[in-house]
Structure formats: structure tokens, C-alpha cells
Number of protein chains: 2
Amino acid sequence: MSYDTDIFNALRHRLMTNGFEHGQKVRAEHLRLEFGCSASTIREVLFRLSTIGLVEFREQRGFRVPEQSRALIHELTHLRVLLEAEGTAMSIRRGGVAWEARLTAAHHQLSHLEMRLQSARDTAPFVDLWFDAERHFHETLISACGSDALRDTHQQIYCRFRQQLMIEDRAFDFISENIRHHQQILDAAMAGDEALTRQKIHDHLARHLITDAQVEPA
Amino acid sequence: MSYDTDIFNALRHRLMTNGFEHGQKVRAEHLRLEFGCSASTIREVLFRLSTIGLVEFREQRGFRVPEQSRALIHELTHLRVLLEAEGTAMSIRRGGVAWEARLTAAHHQLSHLEMRLQSARDTAPFVDLWFDAERHFHETLISACGSDALRDTHQQIYCRFRQQLMIEDRAFDFISENIRHHQQILDAAMAGDEALTRQKIHDHLARHLITDAQVEPA
DNA sequence: TTATGATGGAATTTCGAAATTTTCAGAGTT
DNA sequence: AACTCTGAAAATTTCGAAATTCCATCATAA
């Protein structure tokens with residue numbers, strides 16, 4: 001495995017979880033020391049991350065983590081619903097039993113974790129696990145869509161979405177809501193009901209959308 | 001303007017038009033000589049292009065232009081329809097007169113060019129102009145959608161779509177069809193009919209989709 | 001003839017440093 | 001107090017070269 005790809009994945013993960021603060025400058029010089037490689041290598045990785053929007057690049061002023069923004073969260077959520085609903089509908093049509101099995105497994109793992117989270121006193125040690133399980137469930141939803149392009153695009157948007165939410169969003173505040181949503185998505189998908197599945201995916205993410213009421217508060 | 005960005009745009013344009021053949025290796029060493037910069041600079045740019053899918057990267061084996069593939073064209077078309085129809089519907093809702101004016105202007109330029117193309121003996125000198133006009137029209141369609149994230153994503157997909165089509169697709173073979181399609185999209189959008197506009201955008205791109213009949217030819 | 005392995009040239013990846021630009025703290029001015 | 005200037009420190013961008021890895025060619029052997 002090459003250096004480049006390792007560092008890319010490490011930084012991507014850190015940017016999606018809580019390794020950086022929004023708006024913080026990402027100093028290539030510091031990362032160079034941390035990873036023990038040269039500035040060029042770090043720079044390559046940061047450019048790659050900037051192309052998918054995980055860091056912003058300004059000439060002569062380096063890279064920085066995008067600011068958190070309600071409007072951007074709304075945009076990314078909208079795109080996620082669009083891509084995820086479409087991909088899941090395609091999976092329903094062409095996934096077959098193998099996909100249903102994988103989806104059931106992914107949901108089982110996720111819901112098991114969420115149950116434990118619900119009754120845990122200290123949720124901190126679960127955060128990383130939950131993060132992976134939730135992502136795996138949503139990736140599995142679209143995994144049988146048959147379009148790598150759609151999956152890649154969805155992954156880009158999902159990464160940015162997570163990055164935007166990470167600090168504000170306390171996963172545990174909405175655990176019981178999430179459990180219900182995930183169950184509904186699973187049920188609708190297993191029943192082969194495309195329209196209902198689309199609806200449930202939308203409902204699951206709807207709280208991140210800005211409604212007209214919020215834009216123009218009477 | 002920095003070197004990096006210049007080279008990035010130059011290569012992106014070349015990859016979208018006809019500067020490279022599908023599957024061809026992109027030798028950083030050669031580009032280094034051509035652009036008169038160092039290998040690292042070229043490498044940075046190629047990594048950025050690889051992140052959006054315009055070149056493929058394999059460790060220790062450099063970069064190459066993606067192969068042309070019917071399946072990929074189908075996937076990219078599908079995504080384009082999804083994003084462009086959604087973005088245009090949003091533009092219809094919130095674009096207002098300013099957007100209508102811009103769209104009319106973009107369409108006028110495009111159709112004027114297509115008329116001349118239709119009657120031209122040698123179409124070669126028009127290709128670049130048509131390329132820009134067509135892209136401008138489609139970008140204008142979604143320009144008032146209010147979501148930078150959607151616009152960025154659409155642009156990525158559009159670039160890859162163009163790259164896949166460039167060699168196979170002889171623009172002039174479908175000029176009269178395109179003229180009709182563009183007119184229908186414009187009319188539906190100006191009439192404020194979201195559903196019809198979505199339909200017309202789909203129809204416009206439908207010939208790049210693989211139908212069931214093609215997949216399983218009796 | 002086919003397969004295997006060696007070899008040299010070409011392309012890649014990474015590095016460290018030089019050149020350029022920004023940033024920031026503090027001195028001086030209005 | 002607010003503003004500008006200045007110079008040093010820090011960060012960036014680019015470069016050229018060293019180290020590594022691939023690839024085509026050819027020689028050798030089964």
C-alpha cells in the first residue's frame with residue numbers, strides 16, 4: 001500500500017469524524033511532520049480532498065476545513081435523498097435475495113448497536129462503531145444499484161454531509177427516532193415498495209432540511 | 001493565477017474534448033516537458049482529475065484515460081438526467097425573470113450555432129464553439145437551483161459524460177434532433193411546467209441510455 | 001516453440017531545499 | 001485609540017534529483 005492512499009484515507013476519515021474544527025486551517029507543514037513525509041505528498045492528498053469538497057483550497061493561502069453552514073447541510077441532504085432514494089429503488093429492482101440478505105445483516109448490526117447505545121451511560125466508546133455501522137447500512141441500501149458512478153457520487157456527498165454534521169449533531173439525541181426510521185426503511189425495501197422506500201429515506205433525513213417556515217419565520 | 005489551476009483547467013478541457021484517446025496512458029513525464037513545470041506539479045493535477053474520475057490512477061502504474069464503455073455512458077447519463085431534471089425544476093421554482101432571460105439567451109446562442117452547423121459543409125471549425133454553447137445551455141438550466149453542491153456535482157458528471165462520448169459521438173449526426181430537443185426543453189421551462197421539463201430533459205438524453213431491449217436482444 | 005529469467009531504459013514516487021508569499025506582532029504616526 | 005508600516009517568522013509553492021518500480025526486449029533453457 002502506498003503512502004499517498006494511506007494518508008488520503010486517514011485524513012478523509014479524520015475530516016468526517018471530529019479530527020478538525022470547522023473553518024480551521026489545515027497546515028500542510030504540520031501534517032508533514034505528523035505523517036513523517038514530505039510537503040509534496042501532503043499537498044497531493046489535500047488537493048484530492050479539495051476536489052471532493054472535504055477541504056477548501058485558496059491560492060497561496062493553503063487549505064482549510066469548510067465552515068459549518070445550515071444552507072450547505074440542506075443542500076447535501078437534498079442531494080443525499082436524491083441519490084440514495086434512486087439507488088435504493090434500483091437495488092430493489094435488481095438486487096435479488098443476495099442484496100436482501102446483506103441489507104438485513106447490515107440493519108441487524110446497526111440496530112443492535114443502537115439498542116445498546118440507547119441504554120448506555122457513556123456513549124463515547126460507541127460513537128466510532130455507530131458511525132461505521134450507519135454508513136455501512138446506507139451504503140448497502142444502494143449497493144445493488146448497478147452503477148459505480150452513482151455509488152461514487154453518493155459517497156462523496158455522504159462524506160461532506162457527515163463532515164458538516166459531526167460537531168453539531170449529537171448522535172444520541174435522535175437514537176430512538178433513528179431506530180424507527182431505519183426499521184421503516186428496511187421494511188419498505190424488503191417489501192419491494194419503491195415509492196414507500198423513497199418516502200422513508202426522505203423522512204429519515206428530513207430534519208436536516210430547511211423548511212420554508214424556517215427560512216421565513218413569521 | 002497559479003500554475004496548478006491553469007494546468008488543471010487545461011487538462012480537464014483536453015480530457016473532455018478530443019485531446020486524449022480512451023485508455024491511453026497519461027505520462028506525467030511528457031506533460032512535465034510540455035507544460036515546462038516539475039513532475040510534482042503535474043502529479044498534483046492528475047490526482048485532482050482522478051478524484052473526479054476524469055483519469056484513473058493505479059499505484060506505481062501512473063494515470064490513464066478511462067476506457068470508453070456503453071455501461072458507463074449509461075450510468076453517467078442516468079445521473080445527468082437525475083441531477084439536471086432536479087436542478088432545472090428548482091430553477092423553475094425560484095429562478096424568476098432573470099433566470100428566464102439568461103436561459104433564453106443561452107438557447108438563442110446555441111440554436112443559432114446549430115442552424116449554421118446544419119448547413120455548413122465543414123463542421124470542424126464549429127465543434128469547439130458548439131461544445132461551449134451546449135454546455136452553457138445545460139449549465140444555465142440548473143444555474144438558479146440555489147445549490148452549489150448540486151451544480152458542482154452536475155459539473156463533475158457532465159465532464160465525465162462528455163469525455164466518454166467525445167470520440168464516438170459525432171455531434172452533427174444528431175443536430176436536427178438536438179435542435180428540436182433544446183427547443184422543447186426551453187419551451188417547457190419557460191411555461192413553468194416542471195414535470196414536462198423533466199420529461200424533455202430525459203428524452204433529450206435517452207438515446208445514450210441502454211434499454212432492456214439492447215441488454216437482452218431477443 | 002514456449003516458458004522463464006535477466007537486463008537496461010523509462011516512468012513512478014518521494015524527498016529536501018530554494019524561492020515566493022502570507023501572516024503577525026510591534027513600532028511609529030496621525 | 002486607530003491606522004499604517006516594517007521586518008521577522010511561518011507557510012506556501014515549485015523545483016530538480018535520488019530512489020524505487022515497472023516494462024519491453026532479449027537471452028537462455030526446457
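Below, read A as the first sequence line, B as the second, and so on, with proteins coming before strands; counting in each chain starts at 1.
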Which nucleotide, C/dA11, D/dT13, C/dT13, lies nearest any side-chain atom of B/E29?
C/dA11
Does the side chain of B/H30 get closer than 4.0 angstrom to OP1 or OP2 of C/dA10 through an N or O atom?
no
With DNA chain C as reference, determine whether A/R32 or A/R58 sits nearer its 5' end, using the nearest nucleotide of each.
A/R32
Minimum-distance nucleotide (side-chain atoms of B/K25 versus D/dC15, C/dT12, D/dT12)
C/dT12
Would A/R207 pass as a cation-pi partner of A/F174, given that its NZ or CZ must be under 6.0 Å from the six-membered ring centre and within 45 degrees of the axis?
yes
Check this one for me: any side-chain N or O of B/T41 less than 4.0 Å away from OP1 or OP2 of D/dT13?
no
Nearest heavy atom decides the nucleotide; on that basis, is A/S38 or A/R61 closer to the 5' end of DNA chain C?
A/S38
Does the side chain of B/F47 come within less than 4.5 Å of A/V45's, by heavy atoms?
no
Which one, C/dA11, D/dC15, D/dT13, comes nearest to the side chain of B/R27?
C/dA11
A/Q164 and A/H208 side chains, donor-acceptor separation under 3.5 Å:
no
What's the CD-P distance between A/E44 and D/dT14, to the nearest Å?
13 Å
Counterpart residues, side chain to side chain contact (heavy atoms under 4.5 Å, CB included), relative to B/R12 (two or more places apart):
B/F8, B/N9, B/M16, B/L49, B/L54, B/Q155, B/C159
Gap between atoms CZ and P, on A/F57 and C/dT21 respectively (whole Å):
14 Å
Phosphate OP1/OP2 of C/dT13 contacted by B/Q60 side-chain N/O (<4.0 Å):
yes
Between B/R43 and C/dT14, is there a contact of a side-chain N or O with OP1 or OP2 at under 4.0 Å?
yes
